[in-house]
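Heads up: the structure comes next, in structure tokens.
Here is how names work: the chains are called A, B, and so on, in the same order as the sequence lines, proteins then strands, and each is numbered from 1. Values reported hereafter were calculated over all heavy atoms of this structure, with side chains retained and with hydrogens, waters and symmetry mates removed.
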Number of protein chains: 2
Amino acid sequence: MLHEDVVSQLRNILLEGEVPPGARIPERDLCTRLQISRTPLREALKVLAAEGLVLLLPNRGARAAKLTSKDVHDLFEVCQGLEALAGELACERISDKAIDAVAKAHAEMVKHYKDKNLQQYYVCNRMIHEAIVDAAANPALSSLYESVTARIRRARYVTPMTPPRWAIAVQEHEAILNALQRRDGIGLAHILRAHLRHKREEVTRAGFAEEERNGATQSSRPDAQQGVVIP
Amino acid sequence: MLHEDVVSQLRNILLEGEVPPGARIPERDLCTRLQISRTPLREALKVLAAEGLVLLLPNRGARAAKLTSKDVHDLFEVCQGLEALAGELACERISDKAIDAVAKAHAEMVKHYKDKNLQQYYVCNRMIHEAIVDAAANPALSSLYESVTARIRRARYVTPMTPPRWAIAVQEHEAILNALQRRDGIGLAHILRAHLRHKREEVTRAGFAEEERNGATQSSRPDAQQGVVIP
DNA sequence: GAAGGCTAATTTGCATTCAAAATTCAAAAA
DNA sequence: TTTTTGAATTTTGAATGCAAATTAGCCTTC
């Protein structure tokens, strides 16, 4: 019962960015923080290292994974492929009821868009994408998708959006819902690919700027945040 | 140096099928076999559980993952999506030299086909698929692909092929090489999807038959091989 | 003879311990 | 003042130990 907990707690800590990316994670600190001994903690670290959230250097401890712009770019590409696949499969397998649920989430998302509530917009957005993936009725796909998206969540959902970009995203989501309702798998796959490519371009642009800024201050604070950091 | 070794050794043991799928793995046995203590072994098991090769039941030990036909089917679908993505990206990024390498591997594969050497054919086959994935120049994709294919390797590469199916597979590979040389990403993605779908149909058909046979003998040997087992 | 329950042995999960490697800090030399 | 060297401290990697849970065996009972 403890082990699973430790992994998910640690995962949260890392995804929340409480431990700055690239920063070293002393085992003792986490032990006292999570109130466990080193054995289960180390097991959890190994698991998270396999997931790519933690970097394990032999005899030199664990570091929170630091994603370069290239890493984020790569993960977005993978995410794209997975979502496109999911969209195609979902069109074959999704129930009318599930489509309605997506439509409902979509309507709510549009409402949040009109209210300029980015936070709530993102919540609905994520729900929609996850609903489509789950509608593919492929647990292997779902869990892989979850693990990949987790790694770029901060990049994906914390990047500020410009008003024109936001409008386009909403339009794309209209098309996504439309394709899903028509059960047009090929079309949906194409739209999802384009949708995520746009998002990626946006995020990596923001990422590059951030990375350069960090590069400038890197020498003074060697253990400071490195790589792509989203505010 | 020990930890990584343990993971890959255990991975090999599992992929080779030395531990029957579904069978319980007593920690002590593996400890004596690998000449290590329980701590690093348990860490490795956790990692492999995260990869999906091992099933960890709380307080009830580890079991070699037993893949149902549905699991294999799902993983093939994911693999399809990843290969299609890789094919598309590879066409944009692959070097002429790398294309030549694929062409060379392809030629050798055809030779083994003509010699009816399935073993060597599969070796070249795998090399080609991996070369295409690596040509996508996306490490995240490569490592995900590796982990997914590892789980279905036995299903993918040990299934006996019927002569007509084999002929079709070779034809498809001709088309794959052709699309790659023309750098036709969309086309390659389509061919790869179809290629893997055919393979999947073949494997799952074999899998279902096997699963039913196992089902009949299950009661007499509760810890015997279950799920899809490829001879 | 089969079913159920109880005890003993095994096995798992976690904490602690010990050795080896890395990091830190300070003193000495350039 | 800066660099280098070397011991002390810290931190990691792995083994062992201990408590809790599970499994297996055996006896009783129907």
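Checked by distance alone, A/Arg38 brings a side-chain donor or acceptor within 3.5 Å of a matching partner on the base of D/dG13.
Between the CZ atom of A/Arg63 and the P atom of C/dA22 there is a distance of 14 Å, given to the nearest Å. Rounded to whole Å, the distance from CG on B/Leu41 to C1' on C/dT12 is 12 Å. The nearest whole Å value for the distance from the CD1 atom in A/Ile36 to the P atom in C/dT16 is 12 Å. Rounded to a whole Å, the CG atom of A/Leu45 is 13 Å from the C1' atom of D/dT11. Look at CZ on A/Arg28: it is 17 Å from P on C/dT23, rounded to the nearest Å. Going from atom CG of B/Leu56 over to atom P of D/dT22 covers 15 Å, rounded to whole Å. One atom, NZ of A/Lys46, and another, P of D/dA14, lie 7 Å apart when rounded to the nearest Å. Between the P atom of C/dT12 and the CD atom of B/Glu27 lies a distance of 4 Å, rounded to the nearest Å.
The side chain of A/Thr39 lies closest to C/dT16 when the candidates are C/dT16, D/dA14, D/dT11.
Once rounded to the nearest 0.5 Å, the distance linking CD of B/Gln9 with CG of B/Leu41 reads 10.5 Å.
In terms of modelled atom types and a separation under 3.5 Å, the side chain of B/Arg200 and the main chain of B/Phe76 share no donor-acceptor contact. Between the side chain of A/Asp71 and the backbone N or O of A/Thr68, at least one donor-acceptor pair lies under 3.5 Å.
The nearest heavy atom of DNA chain D to A/Arg60 and to B/Arg60 marks one nucleotide each, and the one closer to the 5' end goes with A/Arg60.
Side-chain polar atoms of B/Glu83 and B/His129 form a donor-acceptor pair below 3.5 angstrom.
Remark: A/Arg42 is in phosphate contact with D/dG13, judged by side-chain N or O atoms under 4.0 Å from OP1 or OP2. Of the side-chain N and O atoms in B/Ser37, one or more sit less than 4.0 angstrom from OP1 or OP2 of D/dA15.
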